[in-house]
Each structure stands twice: as C-alpha cells, then as structure tokens.
Amino acid sequence: MSIPFQIESFQKQLIDWFDTHKRLLPWRQEKHWYYIFLSEFLLQQTQVEQALPYFYKFIHAFPTIEHLAKTSEDDVLKLWAGLGYYSRARNLRKAAQKIVERFDGRFPLDYKDALSLPGIGPYTAAAILSIAFGKPHAVVDGNVIRVMSRLFSINEDVNDGKTRKYIESIVQKLLPEKEAGTFNEALMELGAVVCKPKNPRCLSCPVNTWCMAYKDGNPQAYPIKSAPAAKKRLFHYVFLIQNETDYLIVKRPDSGLLASMWEFPSVQTQKLTLAAPEIMTHLQKQYGIKGELIEQDMIRHHTYSHIRLQYMAVYVRTDDEHIKLGHYQSFIWEHFNRLSDYAIHNAHKKLLSWMASFKN
DNA sequence: AACCCGGGGGT
DNA sequence: ACCCCAGGGTT
C-alpha cells in the first residue's frame, strides 16, 4: 500500500514528541552498544519497570561483554531468577561468548551476523543495529504492531504471518534513513506510554491526526488477534524435605519449562486431594525418599503463559540422604538461609515464607 | 505455522 | 479472575 499522508511530517512529529517526552532510562543515557544489547534481552516480553532492577544488577556484576562471556550459566541464571523466560539468560551468555570469540568483542554490524547470535531474532537484531549503530532496520514488536494496526485500522489477525509481513512493509516505508534508531525507539515508546493496549491516551498522541482508528473512534478495537490456545491445567505436590537441619533442592532438566532452574522436588498428579499416605508413596516411588509428613500447605495457584498450575507444598522430615534423581540434573541439601544462593523460580520462591514458619 | 517458554501489571 | 504483553527457539 501507499502511505496516505506525508511521511516526513509524521516522522518529525513523532521524533519531536520523543525528544521531549521520552523516559530517562539507564540504557538511554550512555548509548554504548553493550547497554542496548543487554537491555534488549531483558525487554523481550518484559515491561521496562520490571526489567530495570535487573539491568542494574547485570551492569554491576558484568560491566563489559568480556565479564558476561566469562561467567557461569548458574551465575547468570541466579541473577535472572524471578524475571522469567530463562532461555533468555542462557542465550545472553552464549551470545556474549560468541561476540567475544567470533567477533573480537564487537557487536556484528551485519544483520545476518547479528541474527546468528543465540537469543537474537529479527526484532532484537533490528533494535540493536538501529538504536546502537544507526542502521536503517525497522523494528516490529508488540508496540509497533499495535500502533500500526490503529494508524491504518488493519482489520486482519495480527497473529497471521501475512498481516505481520504487511505491517513490516508499512514500517519500512515510514522509517527515516538518517534517524532510524530514534524513530524506532519513538514508535515503541509511543506504544508503551500513549498507544497502550487499554485506555490509549489518544488526546496526548503526537500522531493522532493521521490515525484512522482514532478518526473512527475505536482505537481499543485494535490490534485484532485470534484467540490464544487454552491453558493446560497441571497439579503438583511440592516436597519441602528436611534432613536434620538442611532442605533438599533439585536442579531441573536443561531444556523445557524453567530449564536448569532450582526447585523443591515435585510430583505431578491428577488432583490435589490425596491422603497423606498416597502423597508419601509418590515421594518414595519417584525420588526414593521415605519420611514423615509433618504438615500440608494450602493450595496455591501459578499461571504461566500456557499452563495453569495448582500446587500444594508438603513439609516432610526424613533420615535419608541420597535420592533418585528422576528427570532432575542434580540435588543438594542446603540450610534454609542458603536457599537464596540458588536460582529458584518464582512459584517455589513463594514457599520460602511458609517454610520460615516451621524452620528451626 | 504451531507450539513452547514466565512473570507482573492493569482492569 | 482474567486480560494484556519491549520475541526467540524448536518442531
């Protein structure tokens, strides 16, 4: 399609708004590519406010790409714990290693080379190359899709590959060669702050005179999306097992859900209404541990993007020391006060406060 | 193309 | 309780 307005006016209006209204973020102060690189990993599927404390932690722990390349996977995961999508942390470290070893410590300026880095796809490659190096690559993220679908009232499913290509072609036409990075940042900032999913602030929008959805009075109707798949329902018993003074934690498999994160040994069941002897039978069959069930927690809920998990923690005392690993990578007994040294995912982190009530 | 992969914020 | 989302990898 051809853009039904003067593109230069649109660009200027958007960039002028960004210059005066942009949020002051740490990776916008000194525009070193390493800061952009780190922030883009943190910001995948993640809000700025949520990513901020992690950015500071990582910059402090790994001031340069070389520091990041030299660290262990466990250390990266521990720093990432609580942020979710943990493959990002593993890929971040692998990408740093490849940049140091293959590209001499400098970010590759070729788009295909950037795409070859683990954890860097079309969006992140375009974002880093445009924002850090001024290369004319258009970014298409959730914000851009929402803004474009409203600007041009796109009545097609944005989850469809065709629609995605269509939006990409539009953004490429709107992109200014000279200020590609600023324009990209401005477009995403507009989506995050003004052209929000709900209650868009159209009266404050610098480009509302060109917005078809605003003209029609239905910006909230966009973007049009097909219904997501229904979430699976899972049930877990989670065992807080005490041996003398220490608790048992285990390391998850290195692929799949919560890969390589630490947790309390768990079993999947069909329901959460088992009697105590049945619960302990599961524990013995799966992990080879005999013990005494001291106390049961309440049923808790945890929702992932595609799973609705209900789980119940069980406080168990045992004299056993060794366990059957099952699908876990490894196990270790640790004092309650030391559990925070491990990368434990959020669902099980919630159990620490309950544990505090009976630790001794 | 479909599915897998977390967590917090908004309503 | 249910909605939304600053994507990439795998199959």
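Letters go in sequence order (proteins before strands), and every chain restarts at 1.
Near DNA chain C, meaning a heavy atom under 4.0 Å away, the residues from residues 126-150 of chain A are A/Asp141, A/Gly142, A/Asn143, A/Arg146. Residues of residues 155-166 of chain A that place a heavy atom closer than 4.0 Å to DNA chain C do not occur.
Between A/Gln45 atom CD and C/dG8 atom C1' the separation is 9 Å, expressed in whole Å. Note: CG (A/Leu83) to C1' (C/dA6) measures 12 Å, nearest angstrom. Following rounding to the nearest Å, A/Trp80 (CH2) and B/dC5 (P) show an atom-to-atom distance of 17 Å. In this structure, A/Leu309 places its CG atom 14 Å from P of C/dA1, rounding to the nearest Å. To the nearest angstrom, C1' of C/dG8 lies 9 Å from CZ of A/Phe41. The interatomic distance linking A/Arg308 (CZ) with B/dC5 (P) rounds to 18 Å, in whole Å. Here the C1' atom of nucleotide C/dG8 and the CG atom of A/Leu43 are 15 Å apart, to the nearest Å. Here C/dA6 presents its P atom at 12 Å from OH of A/Tyr85, a figure rounded to the nearest Å.
No side-chain N or O of A/Asp74 forms a donor-acceptor pair with one of A/Tyr342 less than 3.5 Å apart. Between the side chains of A/Arg102 and A/Ser116, no donor N or O sits under 3.5 Å from an acceptor N or O.
Separation of the A/Tyr214 and A/Trp210 ring centroids does not fall under the 6.0 Å cut-off. For A/Tyr304 and A/His302, the gap between ring centers is short of 6.0 Å. Taking the centre of each ring, A/Trp80 and A/Tyr85 stay at or above the 6.0 Å mark. Here A/Phe264 and A/Tyr247 keep their ring centres 6.0 angstrom or further from each other. A/Tyr111 and A/His137 have their aromatic ring centers within a separation under 6.0 angstrom.
Across the P atoms, C/dA6 and B/dC4 are found 22 Å apart, a figure rounded to whole Å. Taking atom P on both nucleotides, B/dG6 is separated from C/dT11 by 15 Å, rounded to a whole Å.
Residue side chain A/Arg28 does not reach the base of C/dA6 through any donor-acceptor N/O pair under 3.5 Å, judged by distance alone.
Checked against salt bridge (Lys or Arg N to Asp or Glu O under 4.0 Å), A/Glu168 has the following partners two or more places apart in sequence or in another chain: A/Arg164. Among residues two or more places apart in sequence or in another chain, the side chain to side chain donor-acceptor pair (under 3.5 Å) test is passed with A/Asp110 by none.
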Original post:
Going through the distances and angles, do A/Leu25 and A/Phe55 end up as a side chain to side chain contact (heavy atoms under 4.5 Å, CB included)?
Top reply: CA-CA 10 Å; A/Leu25 304 174; A/Phe55 181 84; over 6 Å; no

Original post:
Under the side chain to side chain contact (heavy atoms under 4.5 Å, CB included) criterion, do A/Asn91 and A/Phe41 qualify, and how do the steps go?
Top reply: CA-CA 9 Å; A/Asn91 285 332; A/Phe41 268 83; 4.2 Å; yes

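At the phosphate of C/dG8, OP1 or OP2 sits under 4.0 Å from a side-chain N or O atom of A/Thr124. The shortest distance between the side-chain N/O atoms of A/His306 and the OP1/OP2 oxygens of B/dC5 is below 4.0 Å. In terms of phosphate contacts, A/Lys225 brings no side-chain nitrogen or oxygen within less than 4.0 Å of OP1 or OP2 of C/dC4. For B/dG7, one of the phosphate oxygens OP1 or OP2 lies less than 4.0 angstrom from a side-chain nitrogen or oxygen of A/His302.
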Are any protein N/O atoms closer than 3.5 Å to N/O atoms in nucleotides 9-11 of chain B? If there are, list each pair with its distance.
unit_1 : atom_1 : unit_2   : atom_2 : d
B/dT11 : OP1    : A/Asn199 : ND2    : 2.8

With 3.5 Å as the limit, what N/O pairs link the protein to nucleotides 9-11 of chain C?
unit_1 : atom_1 : unit_2   : atom_2 : d
C/dG9  : OP1    : A/Gly119 : N      : 2.6

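Using the Watson-Crick or G-U wobble rule with both distances under 3.5 Å, B/dG6 pairs with nothing in any strand shown.
Put simply, the residue from A/Tyr34, A/Trp33, A/Tyr35 that forms a ring pair (Phe, Tyr, Trp, His ring centres under 6.0 Å) with A/Phe107 is A/Trp33. For the side-chain contact (heavy atoms from CB on, under 4.5 Å) with A/Ile332, the lone residue among A/Ile249, A/Asp246, A/Leu248 that qualifies is A/Ile249.
Heavy atoms of A/Gly191 sit nowhere under 4.0 angstrom from any nucleic acid atom. Looking at heavy-atom distances under 4.0 Å, A/Lys232 makes contact with sugar-phosphate atoms alone, never a base.
A distance-only check finds a donor-acceptor pair linking the side chain of A/Arg90 to the backbone of A/Asp254 [under 3.5 Å].
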